[in-house]
There are 2 protein chains.
Amino acid sequence: MIPRTDADELTEQPRIPLSRRRVLRAAVRLADRDGLDSLTMRRLAQEVGVEAMSLYHHVANKDAVFDGLVEVVLGEIMAAVEEVEAPSPDEDWQGALRARILAAREVLLRHRWAPRVLETRASTSPIFIAHVDHIVALLRAGGFSYELAHRALHVLGSRALGFTQELFQPDDAQSTDAAAAAMMEQMAEQFPNLVGMLADAVHDDPDGTLGFCDDQFEFEFALDLILEGLERRRTAGS
Amino acid sequence: MIPRTDADELTEQPRIPLSRRRVLRAAVRLADRDGLDSLTMRRLAQEVGVEAMSLYHHVANKDAVFDGLVEVVLGEIMAAVEEVEAPSPDEDWQGALRARILAAREVLLRHRWAPRVLETRASTSPIFIAHVDHIVALLRAGGFSYELAHRALHVLGSRALGFTQELFQPDDAQSTDAAAAAMMEQMAEQFPNLVGMLADAVHDDPDGTLGFCDDQFEFEFALDLILEGLERRRTAGS
DNA sequence: ACCTGAACACCGTTCAAGT
DNA sequence: ACCTGAACACCGTTCAAGT
């Protein structure tokens, strides 16, 4: 082993200390390069130049690594989406939404593993909820009722956001009216559009033991919209 | 241990021998009950009442189990789709396709793990290809050009079929014109509609080094169709 | 405080051995 | 021919020990 002098200690970058941030960036790099299945704790440790067990001082476990991955990707999506030049939604909601969606898609194309990870854990992320809140605001500015904005989210589904069909599956704890109301109040300030939309949906369906969304109804609404659009293309083409 | 008599041997069902079919049915049962992540070779063996290593006499490895799972689910989808009462596509292609898609959806709702498995391996399955071929036939009967039928498959994407956005990503071996032609000839008899559609797509894009489908183009086509449909709903509602 | 090695309970899979 | 136990190379994770 090469002996260290004091001089070394002063000049040499004294090996950046491990951190959650550094672990997550390495995880993204590894997933991008070798795929999600190659992302093991042992290989991740190797990637940051440390023993596997050291990771556990910065992330609780492997699940937390996936959560971090989601955080990173959603952050990139938000950055891309905010940078994009888009028309004002008051004048051209279609152009505004289109630009946002295409920008989000570009990020996902850079991280092919992302949809698989987002699908299972995006919907609880504040960043993701903020993104959806923003889309609802955009649709409202474009003249959508809350109800149609709600439908629109389902139709766009995984396509729009790159993932996750089931946005608001309330878990059991939140499916009681009281809990839902409490949650909504808490979120109202941060996500006014989303909360408005949910309040509207609850209002329309007061015996909402089914939860906010009737999946079958939403599926058929989206399907019919698509079939109708195709029929229009067909008659236009012939 | 209870001694066996010859009488036992005659009356007793002598423990059904293990078979690929029995292994796969157990795999479906296990995935339905405990989720896909609980499907391990060791637990699967336990489910059929055997040691883990015995499975390998009936399936090559775990990957082959997943392939079998896809086979089973696609079989159920085909059965459901064939049973469904639907209008004739010549008279009402929308109704015909709608009925098929909703029938397929019902199967997928019974197997919540299915989309995740289908996404990665459905597109190479003959059953799946036959399903797509049938949809193309239906669209053609409804008056679609091959080109629009092709677009329609992309728009419906995972929604229609319950999964898989990328239907025809040709691997490198098939991306040469010669190989593609050979494959198409081989498939022409079995899947005439699909092959007709692909031939048409190749014809339109003779310098097809990009492969059959331009993902970005298809994505934007679908997105615009959806945005337009939403705009129509919006103006209708106000 | 941060990092580590040994260890544990799990994987998928191979192989030689049993019937 | 079909089934099995021991073994191997991998996992995620715990824990006691190092600095």
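Small disclaimer: the values here were computed from a predicted structure and weren't measured.
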Item checked: Close side-chain approach of Phe191(A) to Val136(A), heavy-atom, < 4.5 Å -> no
Ranking dC3(D), dG5(C), dG12(C) by distance to the side chain of Leu18(B), first place goes to dC3(D)
Sorted by number, residues from residues 52-70 of chain B placing a heavy atom under 4.0 Å from DNA chain D are Met53(B), Ser54(B), His57(B), His58(B)
Is there side-chain contact between His154(B) and Phe221(B), with at least one heavy-atom pair below 4.5 Å?
-> no
Salt bridge (charged side-chain N to carboxylate O under 4.0 Å, His left out) pairs touching residues 50-65 of chain B, sequence neighbours excluded, are Asp63(B)-Arg121(B)
In whole angstroms, the gap separating C1' of dC10(D) from CG of Asp37(A) amounts to 14 Å
Taking every heavy atom of Val107(A) against every heavy atom of Val73(A), the minimum-distance pair comes out as CG1-O, 4.2 Å
From CE of Met41(A) across to P of dA7(C) the rounded distance in Å is 21 Å
Whole-Å distance, Leu39(B) CG to dC10(C) P, equals 17 Å
From CG of Leu30(A) across to C1' of dC11(D) the rounded distance in Å is 15 Å
Among dG12(D), dC3(D), dC11(C), the one nearest any side-chain atom of Val50(B) is dC3(D)
Heavy atoms of Val59(A) and Ala64(A) approach each other most closely as CB-CB, 4.4 Å
Item to complete: Assess whether atom CD of Gln46(A) is packed by more than 12 heavy atoms of other residues, nucleotides or ligands within 6.0 Å.
Response: no
Do Trp113(B) and Leu108(B) touch side chain to side chain, with heavy atoms closer than 4.5 Å? no
**Message:** Do Val70(A) and Ile127(A) make a side-chain contact, defined as non-hydrogen atoms from C-beta onward lying under 4.5 Å apart?
**Reply:** no
Here DNA chain D, pairs taken as Watson-Crick or G-U under 3.5 Å and shown with ( ), [ ] when crossing and | when to another strand, reads ||.|||||...|||||.||
Whole-Å distance, Glu51(B) CD to dA16(C) C1', equals 16 Å
